[in-house]
Amino acid sequence: MSDTVFFPHEILTEILRRLPPKSLLRFTTVCKSWRSLITHPFFISLYHRHSSFLLIQFSNHFILPHRLHHPSTTLRLPSLPHHDYSVVSFCNGLVCVAYGEHCQSVIVCNPCIRRFVTLPAPLQYPCYYTSSVALGFDSSKCDYKVVRISCMVDDERFGLSAPKVEVFSLATGSWRTLDHGIAPVCYVARDTPPGFHDGLVHWVAKRYVAGGWYNFILSFHFEGEMFREVMLPESLALRTSWGMIKVVGGGNGKTLTVYDVDGASPCSCNIWMMKEYGEVESWNKAFSFLMSGFCLVAPSLGMMITDVKIPPKGLCVTCSGEVLLLVDVAERRCLYSLDIKKESFTDLQIEIGAGFVYCGYYAESLLLLNIANGVVSY
C-alpha cells in the first residue's frame with residue numbers, strides 16, 4: 001500500500017497560498033502538477049500576502065522596518081549599472097525603477113522571488129525634455145502598465161504644451177504612444193514623485209496662464225488610460241513664493257492627501273486632505289507645523305522639537321490614516337508618525353540612512369513567476 005497522501009486541489013491551493021514565496025519557488029521543482037498550480041495565473045492572482053511599510057535604501061536593497069516582536073527584513077534589488085537610479089513606485093509586490101532625467105532605462109522587479117524585466121527603451125525627443133514614470137495595474141485587462149510622461153522644457157514650449165505620453169504593457173512587452181490631446185497642457189517636474197490613491201497615479205503639475213503659474217493635480221487612470229485634472233486649494237493653486245507641493249500616497253483609498261511646504265517667513269508645513277475626491281470645496285487643512293528658527297513647532301499639539309534645520313518631508317499615509325514624515329533632528333534622519341485624530345506625533349525609533357530614496361507599502365507576490373520572455377533571475 002502506498003504511503004503517499006493526495007490532497008484535493010482546493011485544499012492544496014489553500015495550503016500553498018499561505019506559504020512564503022521562497023518555499024513556493026522550491027516547491028515548483030517537486031512535480032509537474034505543483035509547478036503548474038503555483039505558476040498558474042489564477043494562483044498568482046490569489047497570492048498577495050499582507051502589506052508592510054517599506055523603506056528603500058540607495059545601496060540596491062530595501063528594508064521592511066521591524067514591528068513589535070518581528071525583526072526587520074531586507075530584500076534586494078538587482079545590481080544596476082547606474083548608481084543614480086530612482087525607485088518610482090510599487091504595485092502588488094512589483095517595484096518600478098527608472099534611471100536618468102529621461103527615464104530611458106526602466107526595470108520592473110519582484111524582489112521576493114528575485115526576478116526582473118528590463119523594458120525596451122522608450123522614445124527620445126529632439127529637444128530638451130524631462131520624463132516621469134509610474135507603475136500601475138489595469139484590472140479590466142489584468143495587466144500591469146508603466147506610464148511615461150515627457151514634458152518639453154525648451155524656451156518656446158515650457159509650460160505651454162501638453163506632455164508626450166507612452167504606456168508600456170507587461171502583457172504585450174511593448175510601448176504605445178497615446179493620442180495627442182489625451183494629456184492637458186502642463187509641466188510635471190522630473191523630481192515630482194507620484195502619489196497613488198484608489199488605483200490612480202497623481203502628480204503635482206503646473207501650467208503658465210495669464211502671466212503666472214497655476215498649480216493643480218494631474219491624475220492618470222490605468223484602465224481607461226485617461227488623464228484628469230484635480231484642483232488644489234486656491235492658496236496652493238496660485239502660490240508664487242518658493243515652496244514644495246506633493247501628493248502623499250497610501251491611506252485607505254478614500255482621502256486624497258497633499259503635503260506642502262510654504263517657503264514664506266515663517267516657513268509652514270501643511271497637510272491637506274480632500275474628503276470628496278474631485279470636489280475642490282472638500283479640501284481641508286488638517287494639520288500645520290511651523291519652522292521657527294531651528295525648531296519644529298506644532299501649535300495644536302503644544303509640541304516643539306529643537307535642532308531641526310530643514311522642514312520635514314512628507315512620505316506616505318498608513319492604512320490607519322497616520323501621516324509618516326522624515327524629520328532631520330540633530331543630524332539624525334528620523335521617521336515620525338503623525339496621528340491627526342489622536343493628536344499625537346511619535347518618534348518611531350527608526351533612523352534613516354543618507355541614501356533613502358522611496359517609501360510606501362509592499363506586499364509579497366508571485367508576479368513575474370509565470371512570465372518567461374525577457375525575465376531575468378538574480
Side-chain angles (χ1 to χ4, degrees), residues 16-29 34-65 72-82 85-99 103 105-120 133-139 141-147 167-174 194 196 199 201 222 249-250 357-378:
L16 293 177
R17 68 181 294 195
R18 299 171 189 272
L19 299 178
K22 289 184 179 179
S23 298
L24 293 177
L25 287 177
R26 292 199 304 271
F27 291 163
T28 59
T29 63
W34 280 32
R35 179 177 179 81
S36 177
L37 170 61
I38 294 170
T39 60
H40 194 278
F42 178 73
F43 182 81
I44 290 176
S45 68
L46 287 177
Y47 191 88
H48 289 295
R49 291 165 66 86
H50 61 277
S51 296
S52 300
F53 175 64
L54 176 71
L55 300 175
I56 290 190
Q57 307 289 359
F58 185 74
S59 55
N60 278 26
H61 70 277
F62 56 87
I63 297 174
L64 305 176
S72 60
T73 303
T74 299
L75 299 174
R76 291 193 174 274
L77 296 173
S79 297
L80 301 171
H82 307 293
Y85 67 86
S86 297
V87 175
V88 292
S89 56
F90 307 144
C91 184
N92 296 339
L94 295 180
V95 180
C96 183
V97 178
Y99 164 76
C103 298
S105 179
V106 181
I107 72 165
V108 174
C109 171
N110 186 336
C112 76
I113 63 170
R114 298 176 69 89
R115 295 191 179 194
F116 73 95
V117 58
T118 300
L119 276 56
V133 299
L135 170 71
F137 181 59
D138 180 348
S139 59
K141 297 181 179 178
C142 200
D143 187 14
Y144 288 85
K145 298 178 177 180
V146 175
V147 59
V167 173
F168 176 86
S169 164
L170 197 60
T172 64
S174 61
F196 292 84
V201 60
F222 283 94
V357 292
Y358 192 82
C359 80
Y361 276 85
Y362 174 80
E364 293 179 332
S365 78
L366 298 177
L367 295 169
L368 300 186
L369 181 61
N370 62 340
I371 300 176
N373 188 27
V375 173
V376 178
S377 299
Y378 66 95

Output for pair (H40 NE2, L366 CG), nearest 0.5 Å, gives 13.5 Å

d(T172 OG1, K145 NZ) to nearest 0.5 Å is 9.0 Å

- So, Y378 side chain and R76 main chain: donor-acceptor pair closer than 3.5 Å or not? yes

Scanning both residues in full, the closest heavy-atom pair of G173 with P120 reads O-CG, 3.7 Å

Look at the side chain of S89 and the backbone N and O of A134, then say whether any donor-acceptor pair between them is shorter than 3.5 Å. no

In this structure, CG of L94 is separated from SG of C112 (nearest 0.5 Å) by 9.0 Å

So CH2 of W34 and CG of L16: to nearest 0.5 Å the spacing works out to 5.5 Å

* To do: Would you mind reporting whether T118 and F116 have side-chain heavy atoms less than 4.5 Å apart?
  => yes

Side chain to side chain, P78 and I107, heavy atoms closer than 4.5 Å: yes

| field | Non-hydrogen side-chain atoms of C96 and C91 separated by less than 4.5 Å | value | no

> Would a 4.5 Å heavy-atom cut-off, applied to side chains only, mark S36 and F43 as touching?
Replying inline: no

Result for ring pair (Phe, Tyr, Trp, His ring centres under 6.0 Å) between Y144 and one of F137, F90, F222 points to F137

Legend entry - Check: L135 and V95 side chains under 4.5 Å, non-hydrogen atoms: no

Handout entry: Close side-chain approach of F168 and V108, heavy atoms under 4.5 Å
Key = no

Heavy atoms of V375 and L368 approach each other most closely as CG1-O, 4.2 Å

query = Between L25 and L369, is a side-chain contact (heavy atoms from CB on, under 4.5 Å) present by the stated rule, with each step listed?
reply = CA-CA 9 Å; L25 287 177; L369 181 61; 3.5 Å; yes

Measure from the side-chain N and O atoms of R35 to the backbone N and O of T29, and report whether any donor-acceptor pair falls under 3.5 Å.
-> no

So CZ of R26 and OG1 of T28: to nearest 0.5 Å the spacing works out to 10.0 Å

* So, does D143 use its side chain to make a donor-acceptor pair with the main chain of A171 at under 3.5 Å? -> yes

### Query
Quick one: does L24's side chain get under 4.5 Å of I113's, heavy atoms only?
no

Closest non-hydrogen contact found for G93 with N110 is O-OD1, 3.7 Å

